[in-house]
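Here is the structure we will look at, set down as structure tokens.
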Amino acid sequence: MKDILEQLDQRRAEARLGGGQRRIDAQHARGKLTARERIELLLDEDSFEEFDMFVRHRSTDFGIEADRPYGDGVVTGWGTINGRMVYVFSQDFTVFGGSLSETHAQKICKIMDMAMQNGAPVIGINDSGGARIQEGVASLAGYADVFQRNVLASGVVPQISLIMGPCAGGAVYSPAMTDFIFMVRDTSYMFVTGPDVVKTVTNEVVTAEQLGGASTHTKKSSVADGAFDNDVEMLTEIRRLFDFLPLSNRDRAPTRPFFDDPARVEASLDTLIPDNPNQPYDMKELIAKIADEGDFYEIQRDFAGNTLTGFVRIEGQTVGVVANQPMVLAGVLDIDSSRKAARFVRFCDAFNIPILTLVDVPGFLPGTSQEYGGVIKHGAKLLFAYGEATVPKVTVITRKAYGGAYDVMSSKHLRGDFNYAWPTAEIAVMGAKGAVEILYRSELGDADKIAARTKDYEDRFANPFVAAEKGFIDEVIQPHSTRRRVARALASLRGKQLSNPWKKHDNIPL
Ligand code: HXC
């Protein structure tokens, strides 16, 4: 009996070594943690329960049959983050570069199926050279099995992808179908094919960093939702994100203890809006002053800064925030910001997270580059996302709400539940200058007349009261009481029930 127990310990020790000490050392030398070290940091201490530690590949080509490490390049199982359950897979780069074989895929599929059945999120730690080349179509089939589960799990349980090494091929397409992707700066890359293939096919010479580093994907492509400096920072921050999220679409996000008065008055907000309507101010200040303890977990911080997206808590409950940022491009809606916000709104709606929308938007960005890029279709994504969302929707217009962008930004007409405006709000088809130039084109040579026309337009439209008269704005509120008004609105909406007509699925403009 003793021998048998010792044998188990030996086998476990062997499995824990993955691809061997030399490769573990190489992983560390690159500034990366191993697959198991990452799980340890991500999960609560001693909470990890492993599956399939002794699984080995069954392939026999290219001499690979002589090399069959336990675990087959991925560590899978479940554990807890601050006491809440989560399923995890962590690819082991020390075993065939973390590449995905048939059996490696089966291990991932097993925990994904369990996550769906038990209603808990999946966090995938990706550090993989993609499909295992020696296995050919068997590994492609394995990837497709994972992809299919990514699709079925979408909107059922949150799926978070951590990119923690060079990821190619299937290793990027699976994350691409999950809710959030985060990368580590300088050690992680995402590309369909690496620099060598790019050089052969297109003759472009690029480094891995330029092609698919964290900077590329957080600032240019928007494939990734955020980046961190190292493995430890990433895993700590993902624990923080996890606390904002519900376990599944059957669940509500957790309520966290809070030590911040929901009725807190913020006198400084009464002077947040500058006297000059063209002068920007920082919308993040308003978000921080509304949120419990000023805590804002920003998503896609480095992309399309003209719209801000992220999570806060109000009275301890998770709220998704979408806000125009006057500091960047005057807060205009364009292709990138519409796509960014639309995806975020859909995530919140899928997972029962109420949405707070803060509006200061001069409209959609005009011009050929936007039109050629399809701003009509991309802007429609955001319109569609807000229109289909049935979660509680609270909107505060702080200053401009012009044109189609007024409609889009969670207006009353798109089933906004509480639509507030500050007294500084201007709700109109367009700003005074543009309107006067169109309406009084024949008078453009006469500066006095135009000035009078502009003033007349401003007096009539540069306020929230025309909309309030029509009931499109529920109440004009004092800026200093915004947190209290928003908190009370959200509290009153906790029992909200609203559903859309039955359909197989919608056809959002993609
Ligand atoms: C088998 C692989 C592998 C793979 C890496 N390795 N990728 N083994 N299949 N796909 C092995 C290497 O042989 C090496 O083994 C070890 O992992 C480390 O790899 P290195 O190349 O030494 O590491 P590094 O220089 O850091 O480069 C990492 C890399 C590179 C950028 C990931 O290995 C690479 O480009 N790999 C191939 C990527 C790729 O084209 N994959 C197929 C994608 S197609 P030893 O024994 O020396 O430690 C795909 C289709 C899916 O995924 C469907 C999509 C829709």
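In each ligand, atom 1 is the first atom listed, and ligand 1 is the first ligand listed.
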Please state whether the rings of W78 and Y87 are parallel, tilted or perpendicular, taking 30° and 60° as the class boundaries.
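Aromatic pair W78/Y87 classed tilted.
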Going by ring pair (Phe, Tyr, Trp, His ring centres under 6.0 Å), name the pairs with one or both residues in [range], residues two or more places apart or in two chains.
{"range": "residues 107-159", "value": "Y143-F147"}
{"range": "residues 10-49", "value": "none"}
{"range": "residues 191-231", "value": "F182-F228"}

Are D52 and K110 close enough for a salt bridge, meaning some N to O gap below 4.0 Å?
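Between K110 and D52 there is a salt bridge, with a charged N closer than 4.0 Å to a carboxylate O.
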Quick test of your reading of the model: are D25 and R22 salt-bridged, counting only N-O distances below 4.0 Å?
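No.
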Compile the protein residues with any heavy atom at a distance under 4.0 Å from an atom of ligand 1; present them by chain, then by number.
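Near ligand 1, by chain and number: R23, R30, F93, F96, G97, S99, G129, G130, A131, R132, I133, Q134, L140, Y143, F147, P166, A168, G169, G170, Y173.
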